[in-house]
Undergrad: 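Pasting a structure here, questions to come.
Numbered from 1 within each chain, the chains take letters A, B, ... in sequence-line order.
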Amino acid sequence: MMPKDELSKAYDPKPVEEKWGKFWLDEGLFVADPHSPKPKFSMVLPPPNVTGILHMGHALCFTLPDIITRWKRMRGHNCLWLPGTDHASIAVHNVIEKSLAEKGLSREKIGRDEFLRVAWEWKEKYGGVITGQLKRLGASLDWSRERFTMDPGFTRAVKQVFVSLYEEGLIYRDYFLVNRCPHCRTVLSDIEIEHKDLRGKLWHIRYAVEGSDESVVVATTRPETMLGDTGLAVHPDDGRYAHLRGRRVVLPLQNKPIPVVTDERVERDFGTGAVKVTPAHDPVDFELGKKHGLEQVIVIDGSGRMTEAAGPEFAGLDRFAARAKVVERLSALGLLVKVEDHDHAVGHCYRCKNVIEPHLSWQWFVRIKPLADEAIRAVEDGRIEFVPANWAKTYFEWMYNIHDWCISRQLWWGHRIPAWYCRDCARTMVAMEAPAKCDRCGGALDQDEDVLDTWFSSALWPFGTLGWPDETEDLEAFYPTDLMSTGFDIIFFWVARMIMMGLKFRGRVPFRHVFINGLVRDLKRRKMSKSEGNIIDPLEMIDKYGTDALRFTLAALAVPGMDLALSEERMAGYQAFANKIWNASRFVLMNLGEDRPEVREDELTLADRWIRSRLAAVTDALDASLTQYKFYEAADLLYHFVWHEFCDWYIESAKVGLRAGNRTTRAVLADGLDRILRLLHPFMPFITEEIWQHLPGAGKSITVAAFPVAGPGWRDEALERDMALVQAVVEETRKVRTENKVAPREKIRLIAVEGPAQAPSTGSGKAAVVRSEAELVKALAGLSTLEFAEALPEGERVLKGVAGPFELGLVVEKPADLGQERERVQKEMAKAEAEAERIARKLENPDFVAKAPAAVVAENRSRLEELSVRLAKLGQNLAKLSGPA
RNA sequence: GGGCGGUUAGCUCAGCGGUAGAGCGUCGGUUUUACAAGCCGAGGGCCGCAGGUUCGACCCCUGCACCGCCCACCA
């Protein structure tokens, strides 16, 4: 514990964050114990890419679960939050290949082994950047268990899963039309393709019917693929083309006859109703081709260039250049019938944004339906809950229509596919370790050149990180995990696949709750991107406003499932909040000695009891909010309570008790602060630890201090109403004096007159409360005296107000500006009248009185009564104001 | 084409059957020994539009409009 005079006047986050961030890790406060008797709470961190640097998306997605973890830890859970990083095949390739290119090298030039050596070297050097940044966020991760998706243990898990699925027939190899990115030079799965609507053209091309003068016009958005056409399809019921059945058409430019087939999938209403079929370059055509036994001619290669098969005129051209040339040639031949504008969706690579090319090749696939079925059930029957629940619908939608998953990638950085091919007999062997020779013919083997989709390994994260395939203590103790916090953009990529793999290999769901956070946008609701230049860098924000302010901002904006618009102003606001906490704490600490006084029940003031009642209410509400992952609600609760109840009312009230030397008020102040710090700690870990350590009798660390539980009998709503009445008198007095421009330093006399007995809700009969709290009212409202009388004195130096059952008279030095005062009273009356009228109308409605719940009717009745009393008093005041003027 | 979200104060957002809320911004006052990153006070809203249900609708239902996402093999 440091001496308290070290608390500076303003909160300076930097040294505090450095000190406690290090302390928590040195003390191993976040290291989980698989043998702990406490209830467990576990999570795995969505592993950021090793290439990554921390962005706001990370900050949000890591701050929110950290709040939950810290809360659970303080509530006595044995918490494990396991960190790690992802090898991110394509991202690393892009980085390494770029640096190779700068040296005039390429991955082909240096070869696989050298490439991997360079990649590992790079990983060792830069892979720690993001983890270092993560620590600054204050995320309470167990770094003793940090993992990497390509570390030896995890690699074993990946191989094990591949081999098992292969042996079960759930992984297979096939010659299939897949998506290939010519830039990244690898194939991709369906969900790695982003469809964007582009303004394109629809070219109508004439194909001659073989052996006749007739011709057929087809429409296409990709004329260059016609070079690979191997058929022409029409609808079987289309009368226009009935006579073409069984005939052939001649493919222009290639001068090659191709058959006419009929298929119900042809839309008669689109284009001309006749469609060219290019089985090697279009997914629909691929299926049509298979069904009708059409040839597959590859005219575009994996780099997006035309092949020899495209003909000497086109071979070697880029696909887009070829398109222009095909159109030009067709036009010259008079075969281009017309060209229309046509918007259509074009697939783009999700990494590099280039246009995807359908590509026919041998690839590995996961037969996904059997895995998906069980994963669907797990969400249907509630073993897994999405928060907010409507994301389950998105999940189901995808899972019901799921396609087999292409998992091979033509890359080197990643998990190499554990498959070997015999050079002599075409035998394929799949095994954990390289077999010595072909088990059928004894021939030499070559390992598959490809690596696995990065998401294939990510899918195993929740159990692969805990030691699987070994049955470890960690696996036993911490699987299934409790919560997965992630963005909606990777529900398909990651969440769904973790569920499938977890169920398949552990027989249990990988996590119980999936919290879906929104996207962090800028103030104008634009996505943050480098090209827009609207990135808000979390580290910069931490330097500027402090980690706690950043965390609190993210929490306060985190409405489940909603995107959030981040603003620096907001962060500055929460920086001010941190400072407010700091200063309130300074005040409390200043009034404390070396030890904390005991609360004596009989010495508790109204304000003391009130703040304890409020504390009890907030504690319960906070638990409820966090249980439902309503971070914004929890943050609001705390902000409002700390600033506007504890600071604005309680500390100000407590000063009265402190001046009187009340030990119990000091005790309540200290206890209140202690509780507030603990309630706030999950949101603002650093500042709360720093202050808490200054409290007499503090424990080792607030991270493991007990989360507050409301004291028995603290909540007292009747007492809160008493306090509300005191507050109403204070507020009315402040208002009247401000509006009459009475100097704040002028101590005025206040005379209170309690009205006749009225409805209970007006607080009638509570004069005693205000009377006994006279000192409090005087202090808070800046009064010289507070007197109680039968009637208010008259005169131009008496300003009048109404608070609950009281008429208030403020005796001031300077006469009031009657005109202005009259205006003020009139405005108040108008407001009250409008409300009274609305309520009266409601009460005059017999249906309302008969059908609305009795309590609602009663509430309206008493409110109306209250208003009429108020109106009467205001009316009298107004009359008197009008008199002498 | 299917699905999901949004539309509330100048801005960013809560609320979701019973008297319209917060933060920031605006306006006025204020250096009262925790805090001017503060304190005190004020102003500001036909809760997207049109119907319906209800004693009562920002809230529930049905349409519509606009904005934003996701999915999808009309070439």
Side-chain angles (χ1 to χ4, degrees), chain A residues 7 9-11 191 194-195 202 218-222 225 233 265-272 274-278 282-288 342 344-345 388 390-391 393-394 397-398 401 488-489 491-492 518-519 521 523-525 527 545 549 556-557 559 561-567 569-570 572-591 630 632-633 636 639-640 644 647-648 651-652 655 731 734-739 741-745 779 781-782 834-835 838-839 842 845-853 855-857 859-860 863-864 867:
Chain A
L7 285 189
K9 199 168 168 182
Y11 174 56
I191 52 174
E194 290 173 354
H195 292 274
L202 196 57
V218 299
T220 180
T221 54
R222 298 200 56 196
T225 65
R265 286 175 71 176
V266 176
E267 293 282 338
R268 276 174 283 184
D269 301 334
F270 188 87
T272 60
V275 58
K276 60 191 265 320
V277 183
T278 322
D282 181 277
V284 181
D285 293 6
F286 175 73
E287 285 179 27
L288 281 180
H342 180 70
H344 66 298
N390 58 299
W391 283 108
K393 193 164 178 174
T394 303
E397 205 59 39
W398 187 65
N401 302 304
F488 58 81
D489 50 332
I491 291 178
F492 305 149
L519 220 59
R521 295 170 175 278
L523 199 48
K524 291 176 186 154
R525 307 207 61 78
K527 252 180 166 167
Y545 303 103
L557 295 173
V559 178
M562 293 273 295
D563 287 356
L564 51 96
L566 195 63
S567 74
E569 286 77 19
R570 190 85 186 233
Y574 290 121
Q575 180 194 28
F577 180 50
N579 199 51
K580 186 77 182 174
I581 295 164
W582 184 256
N583 279 295
S585 303
R586 282 174 60 220
F587 177 80
V588 174
L589 290 169
M590 247 181 228
N591 283 286
K630 292 186 175 175
Y632 67 100
E633 196 177 84
D636 264 8
Y639 182 90
H640 182 263
H644 300 301
C647 294
D648 289 351
I651 288 188
E652 294 309 316
K655 286 175 182 174
E731 283 172 336
R734 284 172 179 168
K735 190 168 101 181
V736 173
R737 58 186 291 167
T738 302
E739 299 208 333
K741 306 217 185 310
V742 176
R745 56 183 341 133
E835 196 189 337
R838 206 172 49 233
I839 294 172
K842 218 192 275 190
N845 180 350
D847 279 336
F848 173 72
V849 178
K851 294 182 183 169
V856 173
V857 177
E859 208 180 302
N860 276 279
R863 178 68 185 153
L864 183 59
L867 284 166

Undergrad: From the set G38(B), U31(B), A34(B), return the single nucleotide nearest to any side-chain atom of Arg745(A).
TA: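 Nearest to the side-chain atoms of Arg745(A), counting from C-beta on, is U31(B).
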
Undergrad: Which nucleotide in the list A14(B), G18(B), C74(B) gets nearest to the side chain of Glu267(A)?
TA: C74(B)

Undergrad: Donor-acceptor pair, Asn860(A) side chain versus Val856(A) backbone, under 3.5 Å?
TA: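 Between the backbone of Val856(A) and the side chain of Asn860(A) there is a qualifying donor-acceptor contact (under 3.5 Å).
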
Undergrad: Mind checking whether Glu731(A) and Lys735(A) have side chains closer than 4.5 Å, heavy atoms only?
TA: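 No, their side chains stay 4.5 Å or more apart.
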
Undergrad: Select base, sugar-phosphate, or nothing to describe what Ala10(A) touches, counting heavy atoms under 4.0 Å on all strands.
TA: base

Undergrad: Enumerate, in order of first residue number, the stems that involve RNA chain B, defined as 3 or more consecutive Watson-Crick or G-U wobble pairs with both distances under 3.5 Å.
TA: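 Stem list for RNA chain B: B:1-7 with B:65-71, B:10-13 with B:21-24, B:26-30 with B:38-42, B:48-52 with B:60-64.
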
Undergrad: Looking at every strand, decide which applies to Asp648(A) at a 4.0 Å heavy-atom threshold: base, sugar-phosphate, or nothing.
TA: sugar-phosphate

Undergrad: Using a cut-off of 4.0 Å on non-hydrogen atoms, how would the nucleic acid contact of Pro744(A) be classed: base, sugar-phosphate, or nothing?
TA: sugar-phosphate

Undergrad: Using whole Å, what does the distance between atom P of nucleotide A75(B) and atom NE2 of His344(A) come to?
TA: 7 Å

Undergrad: Write down the distance between NZ (Lys580(A)) and P (A36(B)), rounded to a whole number of angstrom.
TA: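 Nearest whole value for this atom pair: 9 Å.
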
Undergrad: For Phe286(A), which contact category applies under a 4.0 Å heavy-atom criterion: base, sugar-phosphate, or nothing?
TA: nothing

Undergrad: Whether the side chain of Arg265(A) and the base of C73(B) hold a donor-acceptor pair under 3.5 Å is what I'd like checked.
TA: yes

Undergrad: Rounded to the nearest angstrom, tell me the gap between atom CG in Leu564(A) and atom P in G5(B).
TA: 18 Å

Undergrad: Of the candidate nucleotides A75(B), U19(B), A14(B), which contains the atom at the shortest distance from the side chain of Glu835(A)?
TA: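 It is U19(B).
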
Undergrad: Measure distances between side-chain N and O atoms of Glu633(A) and base N and O atoms of A22(B), and say whether any donor-acceptor pair falls under 3.5 Å.
TA: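 Between A22(B) and Glu633(A), which were checked side chain against base, a qualifying N/O pair under 3.5 Å is absent.
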
Undergrad: Can you tell me the distance, in whole Å, between the CG atom of Asp563(A) and the C1' atom of G68(B)?
TA: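 These atoms are roughly 9 Å apart.
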
Undergrad: Just wondering, do Ile491(A) and Trp391(A) contact through their side chains at under 4.5 Å, heavy atoms?
TA: yes

Undergrad: Rounded to whole angstroms, how far apart are CD1 on Ile191(A) and P on C73(B)?
TA: 13 Å

Undergrad: Please tell me which of the listed nucleotides, G23(B), A75(B), A37(B), lies nearest to the side chain of Asn579(A)?
TA: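 Of the candidates, A37(B) comes closest.
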
Undergrad: What does nucleotides 41-46 of chain B look like as a protein-contact string, B for base, S for sugar-phosphate only, - for none, at under 4.0 angstrom between heavy atoms?
TA: SSS---

Undergrad: Check every strand shown and say whether Tyr574(A) touches a base, only sugar-phosphate, or nothing at a heavy-atom separation below 4.0 Å.
TA: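 Result for Tyr574(A) = nothing.
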
Undergrad: Using a strict 4.0 Å threshold on nitrogen-to-oxygen distance, state whether Arg838(A) and Glu835(A) make a salt bridge.
TA: no

Undergrad: Measuring from the side chain of Val559(A) (C-beta onward, heavy atoms only), which nucleotide among G18(B), C74(B), A14(B) has the closest atom?
TA: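 Output: A14(B).
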
Undergrad: Would you please indicate yes or no on a ring centroid separation below 6.0 angstrom for Phe577(A) and Tyr639(A)?
TA: yes

Undergrad: Rounded to whole angstroms, how far apart are CZ on Phe492(A) and C1' on C69(B)?
TA: 12 Å

Undergrad: For the residue pair Thr225(A) and Lys276(A), establish whether any side-chain heavy-atom pair is separated by less than 4.5 Å.
TA: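 When only atoms from C-beta onward are counted, Lys276(A) and Thr225(A) do touch, with a gap below 4.5 Å.
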
Undergrad: Contact class for Lys655(A) (heavy atom, under 4.0 Å): base, sugar-phosphate, or nothing?
TA: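 Base, at least one base heavy atom under 4.0 Å.
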
Undergrad: Verify, without hydrogens or angle tests, whether Asn579(A) (side chain) and Tyr11(A) (backbone) share a donor-acceptor contact under 3.5 angstrom.
TA: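 The answer is yes, because a donor-acceptor pair under 3.5 Å joins these two groups.
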
Undergrad: So, under a plain 3.5 Å distance rule, would you say the side chain of Lys393(A) forms a donor-acceptor pair with the base of C4(B)?
TA: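 Donor-acceptor pair under 3.5 Å: no.
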
Undergrad: What nucleotide, of U30(B), A20(B), G18(B), holds the atom closest to the side chain of Ala852(A)?
TA: G18(B)

